[in-house]
Protein chains: 2
Amino acid sequence: MTEIDGQVPERFARAREAQSVALLEDYVEMIGDLISELGEARVADIAERMGVAQPTATKAISRLKREGLATARPYRGVFLTEEGADLADRVRARHRTVVELLVAVGVPEEVAELDAEGIEHHVCDETLAAFEAFLKSR
Amino acid sequence: MTEIDGQVPERFARAREAQSVALLEDYVEMIGDLISELGEARVADIAERMGVAQPTATKAISRLKREGLATARPYRGVFLTEEGADLADRVRARHRTVVELLVAVGVPEEVAELDAEGIEHHVCDETLAAFEAFLKSR
DNA sequence: CAAGAAATATAGCAATGGCTATAAGTCGAG
DNA sequence: CTCGACTTATAGCCATTGCTATATTTCTTG
């Protein structure tokens, strides 16, 4: 290979990895939202909010259980483990920060909300810290 | 469903859609880079830079061909169509802008490069325009 | 120019994340 | 308490994106 390749492959591997975690984060955050809004998270509600068919949500919930982020009693609601609830909190906070930063640099509110949904999963801790510092310093 | 669901599902659908386009964008940009650096884009080089096995790159190139972004002669190099080259240019420009914006708000250069790889695919035209305006106004 | 080496293609497997159709469980109303 | 409606689970399909192993083609070199 040429001498200029550098760590390019790791960059992409990292982006792929982030993407694989993104769905889990979205589901966990959504389940947390539903529990605080409605007192429980039902599969049908989760599926509707995620914009997927109900079996797709069921499958995702299985994965959450497998990863120790949620528990569920069949035909009953879905619940977050402590680890899942912590993740939900972090995800929610990061989402807010990303939206605020986008707005701060001039992105219209509604567009910021839309783009943040995809962007947030690729914002590492260091970048998030930089965002917070930037927001505070204005 | 409750009355507060709003357009949440569309948000996620949009993020999923962006993700499906992301790989194409990465490959097209990389192929463009290789052609300008080395005069040609070989499957082995593409695979190495993307950090995937060679058959994975071959498969991705098939998809690029299917989508009209690239052409390839078996056992020879890969080439971009006009559409593919245009896309590569847009992707490259967007990548630069995202990195610059991250740096402008205080993200360290190397971290900005890493995160931009994932972020850029979720930055819509309107957000990109806001980024450019913000960068110019400083 | 005929190997052998290198590059590329193909075959086939696994996991993920969609879907529809259908089975099975739960719950409320008669 | 039973039956029908609703909810959830399961089965099975497809496409995508990875992988390894192997076949095929091209290139290089003796």
Side-chain angles (χ1 to χ4, degrees), chain A residues 1-2 5 9-28 30-31 34 38-67 69-79 117-118 121, chain B residues 1-2 5 9-28 30-31 34 38-67 69-79 117-118 121:
Chain A
M1 190 66 214
T2 71
D5 51 347
E10 289 74 10
R11 276 223 312 267
F12 289 107
R14 175 173 164 157
R16 282 196 299 268
E17 167 63 20
Q19 166 215 345
S20 110
V21 175
L23 247 212
L24 291 185
E25 292 181 343
D26 284 338
Y27 273 97
V28 159
M30 177 127 306
I31 291 167
L34 285 168
L38 309 179
E40 65 174 357
R42 306 300 303 230
V43 172
D45 292 345
I46 296 169
E48 180 174 345
R49 289 225 188 164
M50 291 298 296
V52 300
Q54 166 261 310
T56 301
T58 299
K59 211 184 279 188
I61 292 163
S62 296
R63 196 174 154 211
L64 293 184
K65 289 193 282 190
R66 189 155 30 92
E67 310 253 349
L69 297 171
T71 59
R73 309 202 329 273
Y75 296 99
R76 295 294 202 281
V78 178
F79 311 91
E117 201 58 62
H121 302 291
Chain B
M1 186 67 215
T2 71
D5 50 347
E10 290 72 12
R11 276 226 308 271
F12 289 107
R14 174 172 166 158
R16 283 195 299 269
E17 166 64 22
Q19 166 213 345
S20 111
V21 175
L23 246 212
L24 291 185
E25 292 181 343
D26 285 337
Y27 273 97
V28 159
M30 177 127 304
I31 291 167
L34 285 168
L38 309 178
E40 66 174 355
R42 307 300 303 231
V43 172
D45 291 346
I46 296 168
E48 180 174 347
R49 289 225 188 165
M50 290 298 297
V52 299
Q54 165 261 311
T56 301
T58 300
K59 211 182 280 187
I61 292 162
S62 296
R63 192 173 157 212
L64 293 183
K65 289 193 282 190
R66 188 155 30 94
E67 310 253 347
L69 296 171
T71 59
R73 309 202 329 273
Y75 296 100
R76 295 294 204 281
V78 178
F79 312 92
E117 201 58 63
H121 302 291

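A, B, ... follow the sequence lines: proteins, then strands. Residue 1 opens every chain. From a predicted model like this one, the values you see are computed outputs, not experimental measurements.
Considering only side-chain atoms of Pro55(A), the nucleotide from dT20(D), dA11(D), dT8(D) that sits closest is dA11(D). Comparing atom distances between the Arg42(A) side chain and each of dA9(D), dG18(D), dT7(D) picks out dT7(D) as nearest.
The distance between atom CG of Leu64(A) and atom P of dT8(D), rounded to the nearest whole Å, is 16 Å. As a whole-Å value, the separation of Gln54(B) CD from dA23(D) C1' is 12 Å. Between the NZ atom of Lys59(B) and the P atom of dT20(D) there is a distance of 12 Å, given to the nearest Å. Between the CD1 atom of Ile61(A) and the C1' atom of dT7(D) there is a distance of 12 Å, rounded to whole Å. Going from atom CD of Glu40(B) over to atom P of dC27(D) covers 10 Å, rounded to whole Å.
With a 4.5 Å cut-off on side-chain heavy atoms, Phe12(A) and Arg49(B) do not count as touching. Tyr27(B) is not listed as a side-chain neighbour of Val78(B), based on a closest heavy-atom distance of 4.5 Å or more. A 4.5 Å side-chain heavy-atom check between Asp45(B) and Glu40(B) finds every atom pair outside the cut-off.
Nearest-nucleotide positions on DNA chain C place Pro74(B) closer to the 5' end than the other of Val52(A) and Pro74(B). If Ala72(B) and Gln19(B) are placed on DNA chain C by their nearest nucleotide, the residue sitting closer to the 5' end is Ala72(B). Looking at which nucleotide of DNA chain D each of Arg73(A) and Arg16(A) is closest to, the 5′-most match is held by Arg73(A).
A close approach under 4.0 Å does occur between a side-chain nitrogen or oxygen of Arg66(B) and OP1 or OP2 of dT16(D). Taking side-chain N and O atoms only, Thr56(B) has no distance below 4.0 Å to OP1 or OP2 of dT17(D).
What you find for Pro9(A) and Gly51(B) is that their closest heavy atoms are CB-CA, 3.5 Å. Annotation for Ala47(A) and Gln54(A): closest pair CB-CA, 3.7 Å, computed over non-hydrogen atoms.
In the 5' to 3' direction, nucleotides of DNA chain C lying under 4.0 Å from heavy atoms of chain A begin and end at dT16(C) to dC27(C).
For the atom pair NE2 (His121(A)) and CG (Leu24(A)), the distance works out to 10.0 Å, reported to the nearest 0.5 Å. Atoms CE and CZ, on Met50(A) and Arg16(B) in that order, are 6.0 Å from each other to the nearest 0.5 Å.
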